[in-house]
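Contents: one structure, followed by commentary.
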Amino acid sequence: MRLPGHGHGHRPDDIVIGPLDLQAHVDEALAVQAVAFGLGPDEVAVRRQIVLRHMTYPGARALGATAEGHLVGFVYGMPNDRTHWWSTVVEPYLRALGHDHWLDDSFVITELHVHPRCQNRGVGRALITTITDSAAEPRSILSAIDVDSPARGLYRSLGYTDLARQVVFPSAPKPYAVMGAHLPLRRR
């Protein structure tokens, strides 16, 4: 998939969405995440090990967004498994609200990040809709920092709704919201 750049004719700033070997490009992806999410070197080192472990899980897959040969965004996810750490943290919050069934038969969006210089160009939307279009599961879940943000606005526009709010992850400085949507995601 190609997202047009802002120039005329052949646009060197076109963004191309396609499969990403995240294990081979983990450092490039985490550099994007560090800029987009404000991570320091210690956090990047921890996340590197998490990403590499996640990509060994059954059904895990990733997409990248490239411009001029450089990674400017990525998404990865997998079929949810209640035994994974994320699920064990969010399950009590979802259960308390009668939403823990969302942990079954769902494709979880584990990470979605776009470099700030490429935000507001449809890259995040293209990444998340493309990866969920190929999901065998009937719904998708994710977590996002529980503030009114462009990311949460994007998720809402795609059909995600809040399943639980003020979810606290150990060592996370801010609470998160868990959101879910039926697939396929809404298009504008």
Side-chain angles (χ1 to χ4, degrees), residues 3 5-6 13 15-17 20-55 57 60-78 80 84-90 93 107-132 140-158 160-181 185:
L3 299 173
H6 297 294
D13 59 344
I15 296 173
V16 179
I17 307 291
L20 174 66
D21 180 348
L22 191 51
Q23 289 176 313
H25 297 277
V26 65
D27 294 322
E28 283 178 84
L30 289 175
V32 170
Q33 184 176 4
V35 172
F37 212 57
L39 301 179
D42 292 342
E43 293 169 297
V44 169
V46 169
R47 288 177 185 247
R48 186 178 198 281
Q49 297 309 311
I50 292 168
V51 170
L52 292 173
R53 183 178 69 245
H54 283 166
M55 294 313 295
Y57 292 170
R61 59 189 184 279
L63 295 175
T66 57
E68 297 181 12
H70 298 286
L71 192 68
V72 297
F74 75 100
V75 63
Y76 82 92
M78 64 199 79
N80 194 56
H84 292 166
W85 176 83
W86 182 85
S87 288
T88 65
V89 173
V90 304
Y93 294 92
F107 186 81
V108 63
I109 300 298
T110 308
E111 299 287 351
L112 170 62
H113 298 285
V114 176
H115 194 285
R117 76 173 182 267
C118 295
Q119 291 176 0
N120 300 311
R121 292 177 56 187
V123 177
R125 176 179 298 278
L127 285 166
I128 194 170
T129 56
T130 303
I131 201 166
T132 58
S140 173
I141 53 177
L142 56 80
S143 56
I145 295 176
D146 195 4
V147 296
D148 215 10
S149 65
R152 296 249 296 144
L154 168 64
Y155 302 144
R156 284 188 195 103
S157 76
L158 293 166
Y160 285 90
T161 59
D162 292 339
L163 302 175
R165 298 192 64 193
Q166 298 297 300
V167 175
V168 177
F169 288 98
S171 77
K174 298 176 183 173
Y176 280 69
V178 176
M179 303 178 78
L185 295 177

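All values below were derived from every heavy atom in this structure, side-chain atoms included, with hydrogens, water molecules and symmetry-related copies excluded.
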List for me each residue that meets ring-ring contact (aromatic ring centres under 6.0 Å, His included) alongside His84, sequence neighbours excluded, and say none if there are none. Tyr57

How close do Thr110 and Gly77 get, counting heavy atoms only, and between which atoms? OG1-CA, 3.7 Å

Over all atoms of both residues, closest heavy-atom pair of Ala34 and Val44: CB-CG2, 3.9 Å

Could you grab the distance from atom CG of Asn80 to atom CD1 of Ile141, nearest 0.5 Å is fine? 4.0 Å

Pairs satisfying ring pair (Phe, Tyr, Trp, His ring centres under 6.0 Å), at least one member in residues 109-131, at least two apart: Phe37-His113, Phe74-His113

From the options Arg117, Arg121, Glu28, select the one residue that forms a side-chain contact (heavy atoms from CB on, under 4.5 Å) with Val72. Arg117

Look only at the side chain of Gln49 and the backbone of Val46, and say whether a donor-acceptor pair between them is shorter than 3.5 Å. no

Between the OH atom in Tyr160 and the CG atom in Leu142, the distance rounded to the nearest 0.5 Å is 5.0 Å

Pairs satisfying salt bridge (Lys or Arg N to Asp or Glu O under 4.0 Å), at least one member in residues 160-176, at least two apart: Asp146-Arg165, Arg152-Asp162, Asp162-Arg165

Spatial distance of atom CG (Asp148) from atom CZ (Arg156) [nearest 0.5 Å]: 5.5 Å

Is any side-chain heavy atom of Val90 closer than 4.5 Å to one of Leu163? no

Here the pair of heavy atoms bringing Ala65 nearest to Val123 is CB-CG1, 3.6 Å

Rounded to the nearest 0.5 Å, what separates atom CD1 in Ile128 from atom CD1 in Ile109? 4.5 Å

For the student: nearest non-hydrogen atoms of Ala126 and Ile17, plus distance: CB-CG1, 4.1 Å

Which residues pass the ring-ring contact (aromatic ring centres under 6.0 Å, His included) test with Tyr76, not counting sequence neighbours? His54

Assess whether side-chain contact (heavy atoms from CB on, under 4.5 Å) is satisfied between Val178 and Trp86, documenting all intermediate values. CA-CA 11 Å; Val178 176; Trp86 182 85; 4.2 Å; yes

Within a radius of less than 6.0 Å around CG of Asp21, do more than 12 heavy atoms belonging to other residues, nucleotides or ligands occur? yes

So Phe107 and Ile131, side-chain contact (heavy atoms from CB on, under 4.5 Å) or not? Walk me through it. CA-CA 10 Å; Phe107 186 81; Ile131 201 166; 4.1 Å; yes

Run the side-chain contact (heavy atoms from CB on, under 4.5 Å) test on Ile15 and Cys118 for me, step by step, so that the C-alpha distance in whole Å, both residues' side-chain angles and the decisive distance to 0.1 Å come before the verdict. CA-CA 9 Å; Ile15 296 173; Cys118 295; 4.1 Å; yes

Could you pull out the closest heavy-atom pair between Ala36 and Gln119, with the gap in Å? CB-NE2, 4.3 Å

Across all chains, not counting sequence neighbours, the side-chain contact (heavy atoms from CB on, under 4.5 Å) partners of Pro173 are none

Report the distance from atom CG of Leu52 to atom CZ of Arg47, rounding to the nearest 0.5 Å. 14.0 Å

Separation of Leu127 CG from Glu111 CD (nearest 0.5 Å): 13.0 Å

Tell me, please, which residues at least two apart from Ala172 pass side-chain contact (heavy atoms from CB on, under 4.5 Å). Phe169, Tyr176

Any idea which heavy atoms bring Leu154 and Gly124 closest together, and the distance? CD2-C, 4.0 Å

Begin with the C-alpha distance, continue with both residues' side-chain angles, and end with the deciding distance and a verdict on side-chain contact (heavy atoms from CB on, under 4.5 Å) for Val168 and Tyr93. CA-CA 9 Å; Val168 177; Tyr93 294 92; 3.6 Å; yes

Would you check if Tyr155 and Ser140 make a side-chain contact, meaning some heavy-atom pair closer than 4.5 Å? no

